[in-house]
Structure formats: C-alpha cells, structure tokens
Amino acid sequence: MDFIQMENNERVFRHEYAVSEEVQKVMINDVTNKFRNYVFGEFYSTYVPVLEEYLGEHEIRMEKHRSMLLNLFWGCLLYESSLKDTVSIVEEFIEENYILMKKKPILLPWLREWEKAVPKFYFVGHIFHNGYFIVVDILTRESIEVVMLDPEATPPRKGEIVFGTLIPLGNGDYFPIVDFYHFDYEAREAMASCMLYHFENYLKHETMHDAFIHVLSIMLQIERKIFLDNHQK
C-alpha cells in the first residue's frame, strides 16, 4: 500500500509518499513556473557576470553555454539562500503568494525542499523514454527516478554523466530545475575514474558545495581536453 501525503497541516514533505495528480499539476504548472519566473526576474542579472567569468575560464563551448549557466545559477542561488545569515528566497516567494499557498498547504513544505536541493553528478541509467529515466548519484550510488518536464530537454543517453539539481515531486519521482548539463559521452570514463578521488580530497577541508564547484572545474577540464584531442585527430 502506498503512503499518501497528507495535505492538511503537513509540515514535512515526504519524498517517497504519493501526491495526487491534482496537487502535482499545481506544483508543476502553477508554483514551479511562477517561482522560476520570480527568481529569474529578481536575481538572474545579479549572478550572471560572476558566472560568465567561470564559464569563460573553462572555455565552455557555445552549444553548452546556456545549460551550464542555468545549472550554475540555480545551484549557487539555492545554496546562498539556504544559509542562515541570508534572506530566504523561498520564504520571500511564499509571503508574496500567500493565497496560493493557503489553498494547498502541502505546497509550503514542498517549496522549502527547494533550498535543501544541491547540484550533483549523476550517471544516466535505465531509460524508459526520454521523459522518464533512472539516474544514479555518483557519490551515494542511490538510484533516482527522473521525470523531465521540459519537452525540449536534451534526450538522455544511457551511461553518460550529467549534473543538475533535482526537486522532489512525490511518489519517489524527481525533476531537474532546468535540463541537466550533459557532459560529452566520450569523457565519461576519464571523469568517472577520478571523480570520487577528488571529492574525497576536497571534502576533507571544504563544504559539499565548495567541493562540488572544485570537482566540477576538474571535470570540465577533462571534458575539454578530450574534446580537443578528438577534434585534432
């Protein structure tokens, strides 16, 4: 028997519990889209100059530029918003949309899950179809079922490595805030061979967020080197 998410007086959003189709439609069509628009309107222009520097330093190819920029934006924004000495972006949004939140109490604990979400590296596992597939967290080896909400998202390829930030939908399903950044398929073996080693080194002295940024930098260097090697042959 599936556990049902209780809508009334719910203080915790349980990732594995069932959510009705009606509530999921509100979560996706109303809240997610509205929150994205709010965040982009309020914060995107502030973050872009710094993030563009990072992309420039790593010589991100033009066709991958926007994907990297958006994933870095959300990762950095949610991390900074989750810190205790900052104003919570989620709480600001909740206050501005009190009426919408009041209609569906489950939306409050669900939205607060956004600030717990962190960018991660994943292997793409079994693909049911382009809009529904399994990814494996490279650090924890946890398998996660992913629902792609964006019909224009890059189709997944089994065995490739991606990075992104997943948000729970209930029923054990998750969706990426924006489409994953897909590393070149040809780089997957070289990346996988050293990723855990670098994480372990950085996590001795760094937070998970800072360690991720350092490891991402190394993975991008590997991706670029292999791309250049393959195109110089």
Result block: side-chain N/O donor-acceptor pairs under 3.5 angstrom for residues 142-154, not counting sequence neighbours:
residue, atom, partner, partner atom, Å
Glu145, OE1, Tyr132, OH, 2.2
Asp150, OD1, Glu152, N, 2.9
Thr154, OG1, Asp179, OD2, 3.4

Worksheet item: Ring centres of His182 and Phe163 under 6.0 Å apart?
Response: no

Response to the item:
Smallest heavy-atom separation, Val124 atom then Arg157 atom, equals CB-O, 3.5 Å

Worksheet item: Any link between Leu166 and Val31 through a network of hydrophobic side chains (Ile, Leu, Val, Met, Phe, Trp, Tyr) touching at under 4.5 Å?
Response: no

Worksheet item: What distance separates Met191 CE from Ile222 CD1, expressed to the nearest 0.5 Å?
Response: 7.0 Å

Discussion item. Measuring only between side-chain heavy atoms, which start at C-beta, is Ile99 closer than 4.5 Å to Lys103?
Written reply: yes

Item to complete: Go through the steps for Tyr79 and Glu115 under the test side-chain hydrogen bond (donor to acceptor under 3.5 Å, both in side chains), then give the verdict.
Response: CA-CA 7 Å; Tyr79 170 73; Glu115 287 181 332; over 6 Å; no

Worksheet, complete the sentence: Between the CG atom in Leu220 and the CD atom in Glu57, the distance rounded to the nearest 0.5 Å is 11.5 Å

Item to complete: Would you kindly say whether Ser217 and Gln221 are connected by a side-chain donor-acceptor distance under 3.5 Å?
Response: yes

Worksheet entry | Proximity of Phe183 and Tyr181 rings by center, below 6.0 Å | yes

Worksheet item: Between Phe128 and His126, is the gap from one ring center to the other below 6.0 Å?
Response: yes

Response to the item:
Here the pair of heavy atoms bringing Pro49 nearest to Ser45 is CD-O, 3.3 Å

Worksheet entry | Arg188/Glu160 ion pair, N-O < 4.0 Å | no

Fill in: Between CD on residue Glu21 and CD1 on residue Ile28, distance to nearest 0.5 Å
10.0 Å

Fill in: Common cluster, Ile94/Phe40, ILVMFWY with side-chain heavy-atom separation under 4.5 Å
yes

Worksheet item: Mind checking whether Tyr174 and Val118 sit in one hydrophobic cluster, side chains of I, L, V, M, F, W, Y counted as touching below 4.5 Å?
Response: no

Worksheet item: Below 4.5 Å, heavy atoms only, C-beta onward: do Lys158 and Phe133 meet side chain to side chain?
Response: no

Worksheet entry | Pair Arg14-Val12, side-chain contact (heavy atoms from CB on, under 4.5 Å): steps then yes or no | CA-CA 6 Å; Arg14 294 171 172 81; Val12 177; 4.2 Å; yes

Practice prompt. Would you check if the side chain of Asn97 reaches a backbone N or O of Leu100 as a donor-acceptor pair within less than 3.5 Å?
Written response: no

Worksheet item: Under 30°, 30 to 60°, or over 60°: which ring-plane class applies to Phe93 and Phe35, parallel, tilted or perpendicular?
Response: perpendicular

Discussion item. Just checking Arg36: does its CZ atom have more than 12 heavy atoms from other residues, nucleotides or ligands closer to it than 6.0 angstrom?
Written reply: yes

Worksheet item: For the residue pair Val90 and Ser81, what are the closest heavy atoms and their distance?
Response: N-OG, 4.2 Å

Practice prompt. Assess the pair Phe73 and Tyr47: is the distance between their ring centroids shorter than 6.0 Å?
Written response: yes

Practice prompt. Could you grab the distance from atom CZ of Phe121 to atom CZ of Phe199, nearest 0.5 Å is fine?
Written response: 5.0 Å

Practice prompt. Decide if atom CD of Glu189 counts as having more than 12 heavy atoms of other residues, nucleotides or ligands within a radius under 6.0 Å.
Written response: no

Worksheet item: Got a donor-acceptor contact below 3.5 angstrom from the Arg224 side chain to the Met219 backbone?
Response: no

Item to complete: Working to the nearest 0.5 Å, report the span between NE2 of His15 and CD1 of Ile167.
Response: 9.0 Å

Worksheet entry | same_hphob_cluster(Ile89, Leu111) at 4.5 Å side-chain heavy-atom cutoff | yes

Worksheet item: Between Lys225 and Asp229, does at least one N-O distance fall below 4.0 Å, as a salt bridge requires?
Response: yes

Worksheet entry | Distance-minimising heavy-atom pair for Tyr122 and Gly164 | CE1-O, 3.9 Å

Worksheet entry | Partners passing ring-ring contact (aromatic ring centres under 6.0 Å, His included) against Tyr197 (at least two apart in sequence or in another chain) | none

Fill in: Test side-chain contact (heavy atoms from CB on, under 4.5 Å) applied to Glu92 and Glu42, step by step
CA-CA 11 Å; Glu92 286 183 352; Glu42 294 289 326; over 6 Å; no

Practice prompt. Decide yes or no for Asn130 and Pro156: does some side-chain heavy atom of the first lie under 4.5 Å from some side-chain heavy atom of the second?
Written response: yes

Worksheet entry | Separation of Met68 CE from Leu55 CG (nearest 0.5 Å) | 6.5 Å

Worksheet item: Are Leu72 and Trp114 in one and the same hydrophobic cluster, where Ile, Leu, Val, Met, Phe, Trp and Tyr link if side-chain heavy atoms are under 4.5 Å apart?
Response: yes

Worksheet item: Can any side-chain N or O of Trp110 pair as donor or acceptor with the backbone N or O of Pro168 at less than 3.5 Å?
Response: yes

With a 3.5 Å cut-off and sequence neighbours excluded, list the donor-acceptor pairs that the side chains of residues 202-215 form with protein atoms.
residue, atom, partner, partner atom, Å
Thr207, OG1, Asp210, N, 3.2
Thr207, OG1, Asp210, OD2, 3.3

Response to the item:
Residues Asn171 and Ala18: closest non-hydrogen pair is OD1-CA, 2.7 Å

Practice prompt. Decide yes or no on side-chain contact (heavy atoms from CB on, under 4.5 Å) for Phe123 and Arg141, but give the supporting numbers first.
Written response: CA-CA 9 Å; Phe123 282 117; Arg141 299 297 178 182; 3.7 Å; yes

Worksheet item: Heavy atoms, side chains only, cut-off 4.5 Å: are Leu70 and Tyr44 in contact?
Response: yes

Worksheet item: Hey, does the side chain of Asp173 reach the backbone of Leu169 with a donor-acceptor pair shorter than 3.5 angstrom?
Response: no

Worksheet item: If we ignore angles and hydrogens, is there a donor and acceptor under 3.5 Å between the side chains of Glu52 and His65?
Response: yes

Worksheet item: Is the shortest heavy-atom distance from the side chain of Met27 to the side chain of Leu107 under 4.5 Å?
Response: yes

Discussion item. What I want to check is whether the side chains of Glu223 and His58 have a donor and an acceptor closer together than 3.5 Å.
Written reply: no

Worksheet item: Is the closest side-chain heavy-atom distance between Val39 and Trp74 below 4.5 Å?
Response: yes

Discussion item. Strictly below 4.0 Å, N to O, side chains only: are Asp184 and Lys64 in salt-bridge contact?
Written reply: yes

Practice prompt. Measure from NZ or CZ of Arg112 to the centre of the six-membered ring of Phe13 and say whether it is under 6.0 Å with the direction within 45° of the ring axis.
Written response: no

Fill in: Residue pair Phe227, Arg61: steps toward the side-chain contact (heavy atoms from CB on, under 4.5 Å) verdict
CA-CA 10 Å; Phe227 174 82; Arg61 306 199 304 271; 3.4 Å; yes

